[in-house]
Amino acid sequence: MENDFPIKMWIDENGNVQEKEYKEVVTEKLTRTFYQQLIRIRTFDRKGISLQRQGRIGTYAPFEGQEASQVGSAMALETNDWMFPSYRDHGATMTFGHSLKNILLFWNGRNEGCIPPEGKNIFPPGIPIATQLPHAVGAAFAEKRKGSKNAAIVYFGDGATSEGDFHEGLNMASVFDAPVVFFNQNNGYAISVPMEKQMNTKTIAQKALAYDMPGVRVDGNDVFAVYAETLKALDRARSGEGPTLIEAVTWRYGAHTTADDPTKYRDQLESERRREEADPVLRVERLLKNQGWFDEQWAEEVKKQAAHEVDAAVAEMESFPPVDPNDIFDHVFAEPTWQLQEQKQQYFQAKKGVPVWNQQQ
Amino acid sequence: MENDFPIKMWIDENGNVQEKEYKEVVTEKLTRTFYQQLIRIRTFDRKGISLQRQGRIGTYAPFEGQEASQVGSAMALETNDWMFPSYRDHGATMTFGHSLKNILLFWNGRNEGCIPPEGKNIFPPGIPIATQLPHAVGAAFAEKRKGSKNAAIVYFGDGATSEGDFHEGLNMASVFDAPVVFFNQNNGYAISVPMEKQMNTKTIAQKALAYDMPGVRVDGNDVFAVYAETLKALDRARSGEGPTLIEAVTWRYGAHTTADDPTKYRDQLESERRREEADPVLRVERLLKNQGWFDEQWAEEVKKQAAHEVDAAVAEMESFPPVDPNDIFDHVFAEPTWQLQEQKQQYFQAKKGVPVWNQQQ
Amino acid sequence: MESTAVKKKTMTLVQAITDGMRTMLEEDDRVLVLGEDVGKNGGVFRATDHLQEEFGEDRVMDTPLSEAGFIGAAIGMAVNGLRPVAEIQFLGFIYPAYEQIMTHASRLRSRTMGHYTVPIVIRAPYGAGVRAPEIHSDSTEAIFTHMPGLKVVCPASPSDAKGLLIAAIEDPDPVLYLEPMRCYRSSREEVAEGKYTVEIGKAKKVQEGEDVTVITWGAMVPVAAQAVKEMEATGVSCELIDLRTLYPIDRDTIAESVQKTGRTVIVHEAHGTGGVGNDVLAIVNDTSFLYQKAPVERVTGFDSPVPFFSFEDEYLPTPARVKYAIEKVIKF
Amino acid sequence: MESTAVKKKTMTLVQAITDGMRTMLEEDDRVLVLGEDVGKNGGVFRATDHLQEEFGEDRVMDTPLSEAGFIGAAIGMAVNGLRPVAEIQFLGFIYPAYEQIMTHASRLRSRTMGHYTVPIVIRAPYGAGVRAPEIHSDSTEAIFTHMPGLKVVCPASPSDAKGLLIAAIEDPDPVLYLEPMRCYRSSREEVAEGKYTVEIGKAKKVQEGEDVTVITWGAMVPVAAQAVKEMEATGVSCELIDLRTLYPIDRDTIAESVQKTGRTVIVHEAHGTGGVGNDVLAIVNDTSFLYQKAPVERVTGFDSPVPFFSFEDEYLPTPARVKYAIEKVIKF
Ligand SMILES: Cc1ncc(C[n+]2csc(CCOP(=O)(O)OP(=O)(O)O)c2C)c(N)n1
Ligand SMILES: Cc1ncc(C[n+]2csc(CCOP(=O)(O)OP(=O)(O)O)c2C)c(N)n1
Ligand SMILES: [Mg+2]
Ligand SMILES: [Mg+2]
């Protein structure tokens, strides 16, 4: 099966373009844009970890190592498409236009983190594994019914493929020819469980065969290959040819979340090795250098820009007004039920030190 | 994909043995045994429908048309194996040794119908679709842990493949190398929903590719092919090679259940055509005739025997003692909780016309 | 809001449900019906009979046998502008979709502070008493009323059925719409043609009375009504309340009635422990403690699984059991 | 049944849980631990720390990310002679397995009149207050106590945790074992070594008192205890009851206490509507109506989803809210 699903690669680990025909796509402009985005989300991610360590946000799920998968796939989207991320895909949501401040707010336990910028179709992060897949199918189906050319992309991990919702989502999408791209980031682990304990197969792409759906494996650390395959899948979706399953083979360097200690279950030297050999950012840097497009000063500028943008978002997040407990009660329904109205009133009375028992029943 | 999963057939529709090497297996004795079993379960099934029509049992799920799938697979089992049927698989459970009386009791709304004969590992019929698959995996795993050579077989329909539990069951079995055979009867419909609205694939067997599990399609109306493939799969299971998915391609002639009207959603002429061309019982009769093993008198005897056995079971069912309402309360836990004790007491008091309010609290 | 439409037609409860869907399919292009066998077959209870013929496969869609999948997809559709009405074949088969309802349908509005909403209706036949095979007869409404963000309704009469269904479809939030199977065809009633709604959250006083308040819903309404009728003959005047909405329960109607009668009997077919009856009891406790002349009596299904049909009638509350409870609160 | 073992060791609640599993893995070859990340990683809360090392991959198994799958498989294992102890990573992720628990684990005994039984334990960390990401903090015990055939327990102290876990593993029926995350490491206690059990169905009187009965469980025990302590300072004597078992609830202990004090306050963190508190209220109604000096007060989470961690503390009952309730029943 592995042979039937070879890993597609455009740029090798040394930054060399694999096929002549790719050269048309691998332009200086696009390469620089990718580089910028990769640096941008990596900068954000490292800040996320450090904010958590300093107690300035809550538990955080880092994606370092997976940047090419997230940037490449998100850049392939059109502005009105739909994105259904998991908790580890804020690299993708940022790239698609989510607000950095809101992403930080999410990790700081704020509902505002679930709200995308106006006009951007980004679902809140999927927390219960794989449950977002059926949502994406439904949203995509609705686009099809509207007669639009919009598509949906949904992100999930290798572990997610074991859930029933993975299967039900792919099956329904294939039956309804829903314009949706199932974008899997196979980072080798579901918390501590390695792929070989998660499934019997060596690839995830082959699971598409169960739905007569195209399945493709791509080097998830090669932003160009990811971009190209996602574009292709989105094109298929838009033109009514139905869904595609993409397996982006990648690796998370660090912990599952900041609450996790990866050394309990794996040798972190593997991450170090991959960081040197197969890093998604380094690969683009090497490409830039090989092509003679690299400019140290520009690169510094990119990094400074990114740091600046992230710092500004952190500042915004930290100066954000404190939570308003009204929000506990006011968004459960369009109109709060009497239970919520009353509980809210009692909550605020108790808060003010007015004994609840003073109230009339 | 259809080409990758050709339908295996031993005996063609005219009763001819397909390959010379099969002749060793297609003995007179085995053919007669199959014939007997097929007649037996068909007789039962027709009685089931007629009992329901007469109001002597409740809603009944007939399997006519699927007899070869059920007999062939069940005959391949060893006595200590485990069977996990659905509501339509009492042809298989009968063949494996379930009591006809108890099967009738099941359809008459009696818990006794869920109890297999002592020493027979037959689970109660799976009612919520596909939920029995994980059970089979667990029971098979337990056999493996005990170091036994016992295996499990689990039955389910084409519609069941859309449920998450189908996927989770197959994935877990493949990861744990559980000695289990997933026996699918693809009868073309899930109530009114035809296969092409249930899934995008033309075969169910190919879904095994998602688990690197062997998948095989077999003519579900050919009792020999079903038997041979099930035996092979069970052998694999017993020898530690893990699970297999078998798709038995068949057809239900009649209604989904006696509560269903198939003419609402399909042309019943198709059933009539298949009954003439591809009937599983007729096929064995033709084989017997082609081989010169058929004996009219014996065949009559077989039918009489079957009718007799079924009638006896009906009589047993009908003379079975009425339900004992104690059973509502006594089997919820090993020891009834105080709620159940009290509810039981109140129930019987109310029954006797003793007002419940007379009781002490 | 009762309708001003005057034309009426005699219907069973299940026909009124079909009529409600038809009305909304005509009225609102965003409405779409989906589920297992809802197309050609018209649903196993014929609730969607002929709708696919009338509105096409795009509006009335058969789905794969995949409750989590199609409820999940319906959530995605609702977020993206449609108004899905999903049919679960029997309430006992909703559990595979429990997570989608619990975590997503009911929470998306609050997670996103109203940015995304899930205006879906999930219809499910429910309850025992129709000789269905085992596991087809659950009445587990309580596991849904405990889900913040979900409304739960349950009509007992044809005209309520239609009005509540239309209200549910128009509601901006997810609504679980429970259909008491036992009432599907058990009686007929004049039902107004066209569009009208029955307000979610409002109970119905089926009968006024003075001595005891009997509170119930769904298939237990006729059972309680029978008991009430028999009690009236003995001189006990009962007020009978059909809750119609199980979340949010109509507290005012309960309080008003219990404060008048001082005695409460609750009847439901679900298991006693954890049943919605306890929410009613809590309302009585919270609003009417000093008016109570007797402890609240609950007549419920037992703490056992709903038994096989051959003794499901033993499980279900009967008029006799309801009468005992009424006598008990009277004689306390 | 308290143990006769005398050797004791100071442990946190989560350590006591590990110790309980270790004890039973040693004791009974049929016992097997399974779940996501329970192997090398020792579980995300380290509840199974080192157990795979000690007992091997055959006894302590990582499963695929597949709650319905591995709970379903655990049912099959239990039916076939094993004693699976399955870990759900957070109670908020149990819903995909809801059907397997509702329809199979809890019903198989009654479906088969005792022929097949399902002696499994499902462990699940639960509750809010540990700054976990959203949806990791549900306390939906009520959707399980309403399932006939399932027992539900919830320890609040290390020694109860171990004793109840062993009792659950030895129980012939399925038990949902809820682990209040907030108590995992919040305090230490002497825990007996070796095997002992705490009887399922028996509440614990944490403190005797005369004026008010405060009933709670899990992470709300210390919250209620704090309120009780502060009330004592004002001269109000409170009896504090830790239910420990949520199905079947210890009715006798409740009745006895309420009949003494005449006043009841129930505290739980789950949503008020449909919460287990209503079962307690029903017990008070059924057993102690004439003893009641005031309506029962319930201090609960709101009818909203458990909020994001930045304001989960606003959602959770506080000692102040419990005190108000106590004052309210006193001054009624
Ligand atoms: C239904 C459910 N079960 C368990 C969890 C706990 N959990 C969070 S992330 C995770 C592993 C997911 O692995 P994978 O799908 O590979 O994604 P990755 O974290 O590697 O991006 C688990 C088990 C959950 N969030 N939801
Ligand atoms: C979870 C669940 N959803 C729906 C049903 C209602 N139902 C009973 S049988 C059936 C169709 C099953 O089709 P298939 O799996 O092909 O088996 P067949 O009936 O053809 O043998 C449906 C939808 C159910 N029993 N369980
Ligand atoms: Mg992963
Ligand atoms: Mg079928």
Side-chain angles (χ1 to χ4, degrees), chain A residues 1-5 128-131 133-134 137 141 156 158-178 180 182 184 190 193-215 236 240-245 247, chain B residues 1-5 128-131 133-134 137 141 156 158-178 180 182 184 190 193-215 236 240-245 247:
Chain A
M1 273 296 171
E2 268 183 286
N3 297 337
D4 294 343
F5 293 90
I129 300 298
T131 53
L133 275 72
V137 176
F141 174 88
F156 57 102
D158 41 303
T161 64
S162 298
E163 290 281 7
D165 277 8
F166 163 79
H167 170 68
E168 298 193 26
L170 270 74
N171 185 55
M172 293 232 333
S174 73
V175 170
F176 293 148
D177 262 342
V180 55
F182 294 100
N184 179 270
V193 179
M195 183 175 173
E196 60 274 18
K197 290 193 174 182
Q198 194 69 244
M199 65 194 83
N200 197 36
T201 59
K202 300 268 179 301
T203 84
I204 285 167
Q206 78 192 70
K207 295 178 194 295
L209 297 172
Y211 316 97
D212 270 359
M213 184 192 292
R236 288 192 66 247
E241 291 169 63
T244 304
L245 172 62
E247 174 189 357
Chain B
M1 271 296 170
E2 268 183 285
N3 298 337
D4 294 343
F5 293 90
I129 301 297
T131 53
L133 275 71
V137 176
F141 174 87
F156 56 102
D158 41 303
T161 64
S162 298
E163 289 282 6
D165 277 8
F166 163 79
H167 171 68
E168 298 193 25
L170 268 75
N171 185 54
M172 293 231 333
S174 73
V175 170
F176 292 149
D177 262 342
V180 55
F182 294 100
N184 179 270
V193 179
M195 184 175 173
E196 59 276 17
K197 289 192 172 180
Q198 193 69 243
M199 65 193 81
N200 197 35
T201 59
K202 300 268 181 300
T203 85
I204 285 166
Q206 78 191 71
K207 296 180 193 293
L209 297 172
Y211 316 97
D212 269 359
M213 185 192 292
R236 290 191 67 247
E241 291 168 62
T244 304
L245 172 61
E247 174 189 357

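Keep in mind the model is a prediction, meaning the values are calculated, not measured. By convention in this document, chain letters (A, B, ...) are assigned in the order of the sequence lines, proteins followed by strands, and residues within each chain are numbered from 1.
With a 4.5 Å cut-off on non-hydrogen atoms, B:Met199 touches chain A through its backbone and its side chain both. B:Thr161 touches chain A through its backbone: at least one of N, CA, C or O sits under 4.5 Å from a heavy atom, while the side chain does not. Proximity to chain B (any heavy atom under 4.5 Å) is restricted, for A:Gln198, to the backbone atoms N, CA, C and O.
Of all the listed residues (B:Gly169, B:Ala205, B:Ala208, B:Ser162), the one sharing the greatest number of non-hydrogen pairs under 4.5 Å with chain A is B:Ser162.
Proximity of B:Met213 to A:Asn200: side-chain heavy atoms (C-beta onward) are nowhere separated by under 4.5 Å.
Using cut-offs of 30° and 60° for the angle between ring planes, the B:His167 and A:Phe166 rings count as tilted.
Looking at every heavy atom in both residues, B:Asp212 comes nearest to A:Thr201 through N-CG2, 3.4 Å. Across all non-hydrogen atoms, the minimal contact from B:Glu168 to A:Glu163 is OE2-C, 3.5 Å.
Residues of residues 171-178 of chain B lying under 4.5 angstrom from chain A, judged on non-hydrogen atoms, are B:Asn171, B:Ser174, B:Val175 by number.
Under the side chain to side chain contact (heavy atoms under 4.5 Å, CB included) criterion, A:Glu196 pairs with A:Pro194, sequence neighbours left out.
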